[in-house]
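Accompanying notes for the structure given below.
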There are 2 protein chains.
Amino acid sequence: MQRTLLTVEYSEEEESLAQFAKALSHPVRIKILKLLASRQCCFTGELTEFIPMAQSTISQHLKALLEAGLIQGEINPPKVRYCIDRENWLKAYAVFQDFFTPERVFECDCPMLTGDKSPLSC
Amino acid sequence: MQRTLLTVEYSEEEESLAQFAKALSHPVRIKILKLLASRQCCFTGELTEFIPMAQSTISQHLKALLEAGLIQGEINPPKVRYCIDRENWLKAYAVFQDFFTPERVFECDCPMLTGDKSPLSC
DNA sequence: TTAGTTCATCGCAAATATACGATTAATAAA
DNA sequence: TTTATTAATCGTATATTTGCGATGAACTAA
């Protein structure tokens, strides 16, 4: 894409949130995370038994989750054991919680929300 | 893309989470949400004064946020006033909170996390 | 009516994401 | 050594996302 205008600057928080969100932006990755977390222990390519997708596709999604830091993998040939990355899980939890904090929205006294029908005040 | 295998089924929760996450998966959309929420009231295309991007591009991102339900718009010609959609904001908050609940992860007694070096137990 | 303002939409180009089958690498088992 | 198993990676096709400028629609003000 062409970017003739100035480059937009983002804060670390904005980048971090967007990265975690991107990792969650496909339902199959959410399913994978839930499967990994719900098992009494972590497991490997048994994922392909639960999710009707090509092995290579699932491997790609696992890579995306790995790069986002939400899971970790331990090579145990010929298998690989994947597991939720607790530390980053909690970090993501905090990032989303901070962003969606209700205070952020309740501070806003937008006329549209309060029912004020006066002309634009902004 | 070809999808010769079975179609994967997703729960409503999985779809909903993925949709909210997709809306947040671009840092500029996060910036827009923060700007809308931080103003003492909601505002319109002043966004273009804060974000160095083409007006049409910002309009596209606003549309994405609208379709995700995170903001609402009120036509007030020739301006349009955008505002956080409180109801869905809180819904998204709940969806992320439910998903990332620490219990989900602390229930997992993966050997990888507990330090157990025994062979794969799953 | 005419001109100006605001913002959505269109049309296009480039980048990224998604999915698959085929292949390869690493290892264990026969 | 040979074979089997597991999972990553490669190559490719298609879909979606992202960005821009240009245009058009809706309304106000002159």
Side-chain angles (χ1 to χ4, degrees), chain A residues 1-8 10 14-15 18-19 21-32 35-36 42-68 71-83 119-120 122, chain B residues 1-10 14-15 18-19 21-32 36 42-68 71-83 119-120 122:
Chain A
M1 284 142 290
Q2 56 204 125
R3 293 274 7 224
T4 58
L5 297 178
L6 287 171
T7 306
V8 185
Y10 301 111
E14 287 162 351
E15 299 269 20
Q19 273 182 5
K22 181 168 265 183
L24 299 174
S25 71
H26 194 301
V28 85
R29 287 196 288 269
I30 292 171
K31 201 183 266 294
I32 290 173
L35 278 167
L36 288 179
C42 317
F43 62 120
T44 63
E46 295 149 314
L47 286 169
T48 55
E49 295 170 22
F50 290 90
I51 302 173
M53 274 183 165
Q55 177 263 323
S56 58
T57 305
I58 290 184
S59 187
Q60 263 182 332
H61 285 298
L62 286 168
K63 190 181 177 190
L65 291 171
L66 260 180
E67 284 171 356
I71 62 174
Q72 50 189 147
E74 182 188 273
I75 296 171
N76 212 318
K79 296 196 174 189
V80 175
R81 179 180 353 202
Y82 281 106
C83 185
L120 285 175
C122 49
Chain B
M1 281 142 294
Q2 58 203 126
R3 293 275 5 225
T4 58
L5 296 179
L6 287 172
T7 307
V8 184
E9 298 282 334
Y10 301 112
E14 287 161 352
E15 299 270 20
Q19 273 183 3
K22 181 168 261 182
L24 299 174
S25 71
H26 193 300
V28 87
R29 288 197 287 269
I30 291 171
K31 201 183 267 293
I32 289 174
L36 288 179
C42 317
F43 62 120
T44 62
E46 295 149 315
L47 286 169
T48 55
E49 294 169 23
F50 291 90
I51 302 173
M53 274 184 166
Q55 178 264 324
S56 59
T57 304
I58 290 183
S59 187
Q60 262 182 334
H61 285 298
L62 285 169
K63 190 181 177 190
L65 290 171
L66 261 181
E67 285 171 354
I71 63 174
Q72 49 189 147
E74 182 186 273
I75 296 172
N76 213 319
K79 297 197 174 188
V80 175
R81 180 181 351 204
Y82 283 105
C83 185
L120 285 176
C122 48

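Every chain is numbered from 1, with letters handed out A, B, ... down the list of sequences.
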Under 4.0 Å from OP1 or OP2 of D/dT18: is there any side-chain N or O of B/T57 that close?
no
Rounded distance (nearest 0.5 Å) linking atom OH of B/Y82 with atom CD of B/E74:
11.5 Å
Separation of A/I75 atom CD1 from D/dA8 atom P, in whole Å?
8 Å
Residue from A/T57, A/L47, A/I51 passing side chain to side chain contact (heavy atoms under 4.5 Å, CB included) with A/V28:
A/I51
May I have the distance from B/K63 (atom NZ) to D/dT17 (atom P), rounded to whole angstrom?
11 Å
Within the pair B/H61 and D/dT17, is there a side-chain N or O less than 4.0 Å away from OP1 or OP2?
no
Between B/S56 and B/A64, which has a closest nucleotide on DNA chain D that is more 5'?
B/A64
Is A/S59 close to A/K63 at the side-chain level, that is, under 4.5 Å between some pair of heavy atoms?
no
Any chance you could measure A/R29, atom CZ, to A/H61, atom NE2, to the nearest 0.5 Å?
5.5 Å
Atom-pair distance (CD1 on A/I58; C1' on C/dA17), nearest Å
17 Å
Which residues pass the side-chain contact (heavy atoms from CB on, under 4.5 Å) test with B/S56, not counting sequence neighbours?
B/A54
Rounding to an integer number of Å, can you tell me how far B/L65 CG sits from D/dT18 P?
11 Å
If I take atom NZ in residue B/K22 and atom C1' in nucleotide C/dT16, what distance separates them, rounded to the nearest angstrom?
12 Å
Aromatic rings A/H26 and B/Y10: how do their planes relate, parallel, tilted or perpendicular, breaks at 30° and 60°?
perpendicular
By nearest atom, which of the nucleotides D/dG19, C/dA19, C/dT9 is closest to the B/H26 side chain?
D/dG19
Which distance, rounded to the nearest 0.5 Å, do you find between the CD1 of B/I71 and the SG of B/C83?
9.0 Å
Interatomic distance where CD belongs to B/E74 and P belongs to D/dC27 [whole Å]:
14 Å
Taking N or O atoms only and anything under 3.5 Å, show me the protein contacts with nucleotides 3-7 of chain D, one pair per line.
from  : atom 1 : to    : atom 2 : distance (Å)
D/dT6 : O3'    : A/P78 : O      : 3.3
D/dA7 : OP1    : A/T44 : OG1    : 2.9
D/dA7 : OP1    : A/G45 : N      : 3.3
D/dA7 : OP1    : A/V80 : N      : 3.2
D/dA7 : OP2    : A/G45 : N      : 3.4

Using atom CD1 of A/I51 as one end and atom C1' of C/dT18 as the other, report the distance to the nearest whole Å.
15 Å
Regarding the side chain of B/Q60, the nearest nucleotide among C/dA17, D/dG19, D/dT16 is D/dG19
Whole-Å distance separating the CG atom of B/L47 from the C1' atom of C/dA8:
15 Å
